[in-house]
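Computed from a predicted structure; not experimentally measured. In what follows, residues are counted from 1 in the order of the sequence shown.
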Amino acid sequence: MLPVPNPKGGTMNKSKRVALYARVSTDEQTTENQLRELRIVAKRHGWKVGAEYVDQGVSGARGREQRPQLDALLHGVTRKQFAMVAAWSVDRLGRSLQHLVACLSELQAKKVGLYLHQQALDTSTPAGEAMFGMLSVFAQFERSMIQARVKAGLARAKASGKILGRPMGNYTADQKMAVEQRIRELRAQDMGKGKIARNLGVGVSVVQRVLRA
């Protein structure tokens, strides 16, 4: 995270504390163009830039656990340190639908706005808020699909004689991914670790490991 000092002179709208996020896939590329555009937008709207998060040389196909600055940003969202997150384009947040929906879900759960420069999406405007609402429909659909996969995976595990409430060593890769995704979603809704473990039929240690990652 890059700390952003307050500029000398002038006033900024403290009600809109925004976090900027930029990402490039290779070390040879630079995020400066993305950040410059976002700083201009923030200044024009009177937003206060609280922090800048930059993932350098990280593919957008990677999940949150492999993108340390995105992970730090979302931790800040969970703690309600920002009123809005701004990125140059939607593909900076994620190239995988699953990862993108997970990110949007966390923003919506904490009522944090989103600004996407290339897509002209600004949830502080009525049109942007409506678009964000449409995105939430897709997010809900994806959550429902994840829940269905989790339930089906647990049912298969139980039918094959596997003991639930234990580590997921015998789960398939898809089952693990579905359970881990659901753990993060439930935690973003402020559900306790013990209750998450009971709801998903896994051990508390599994929940703790996923959240630490």
Does [X] reach the side chain of [Y], with side-chain heavy atoms less than 4.5 Å apart?
X	Y	value
Gln69	Val58	no
His75	Gln81	no
Trp47	Val41	yes
Val206	Ile183	yes
Val18	Leu20	yes

Where at least one partner belongs to [range], residue pairs that pass salt bridge (charged side-chain N to carboxylate O under 4.0 Å, His left out), sequence neighbours excluded:
range	value
residues 20-29	none
residues 98-109	Arg64-Glu106
residues 110-121	Lys110-Asp190

With sequence neighbours left out, the residues meeting side-chain contact (heavy atoms from CB on, under 4.5 Å) with Ile40 are Arg36, Arg44
| request: Can you sort out the partners of Ala19 under side-chain contact (heavy atoms from CB on, under 4.5 Å), two or more places apart, ordered by chain and number? | output: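 Expected list: Tyr53, Leu73, Phe82.
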Scanning both residues in full, the closest heavy-atom pair of Leu107 with Leu114 reads CD1-CD1, 3.9 Å
| said: To check you understand the geometry: which heavy-atom pair defines the closest contact between Leu74 and Cys103, and what is its length? | reply: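 Distance-wise, the nearest heavy atoms are CD2-SG, 4.1 Å.
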How would you list, by chain and number, every residue that makes a side chain to side chain donor-acceptor pair (under 3.5 Å) with [X], sequence neighbours excluded?
X	value
Gln208	none
Gln118	none
Gln56	none
Tyr21	Asp55, Arg67

- request: For the pair Glu37 (side chain) and His117 (backbone), establish whether a donor and an acceptor sit closer than 3.5 Å, ignoring hydrogens and angles.
  value: no
Is there a donor-acceptor pair under 3.5 Å between the side chain of Arg17 and the backbone N or O of Val49? no
Pairwise distance [atom1]([X]) to [atom2]([Y]) - rounded to 0.5 angstrom:
X	Y	atom1	atom2	value
Leu116	Leu93	CG	CG	6.0 Å
Leu211	Glu180	CG	CD	10.0 Å
Leu38	Tyr115	CG	OH	7.5 Å
Ser25	Asp91	OG	CG	8.5 Å

Sequence neighbours excluded, the answer for salt bridge (charged side-chain N to carboxylate O under 4.0 Å, His left out) partners of Glu32 is Arg39
Sorted by chain and residue number, the salt bridge (charged side-chain N to carboxylate O under 4.0 Å, His left out) partners of Arg92 (sequence neighbours excluded) come out as none
Are Val77 and Leu121 linked, directly or through other ILVMFWY residues, by side chains that come within less than 4.5 angstrom of each other?
yes
Report whether Val90 and Val24 are members of the same hydrophobic cluster (ILVMFWY, side-chain heavy atoms less than 4.5 Å apart, transitive linking). no
Let's go through Asp122 and Met84 carefully: what are the C-alpha distance in whole Å and the side-chain angles of both, what is the deciding distance for side-chain contact (heavy atoms from CB on, under 4.5 Å) to 0.1 Å, and is it a yes or a no?
CA-CA 10 Å; Asp122 178 358; Met84 179 171 284; 3.7 Å; yes
request  = Begin with the C-alpha distance, continue with both residues' side-chain angles, and end with the deciding distance and a verdict on side-chain contact (heavy atoms from CB on, under 4.5 Å) for Val54 and Leu35.
outcome  = CA-CA 9 Å; Val54 176; Leu35 293 173; 3.9 Å; yes
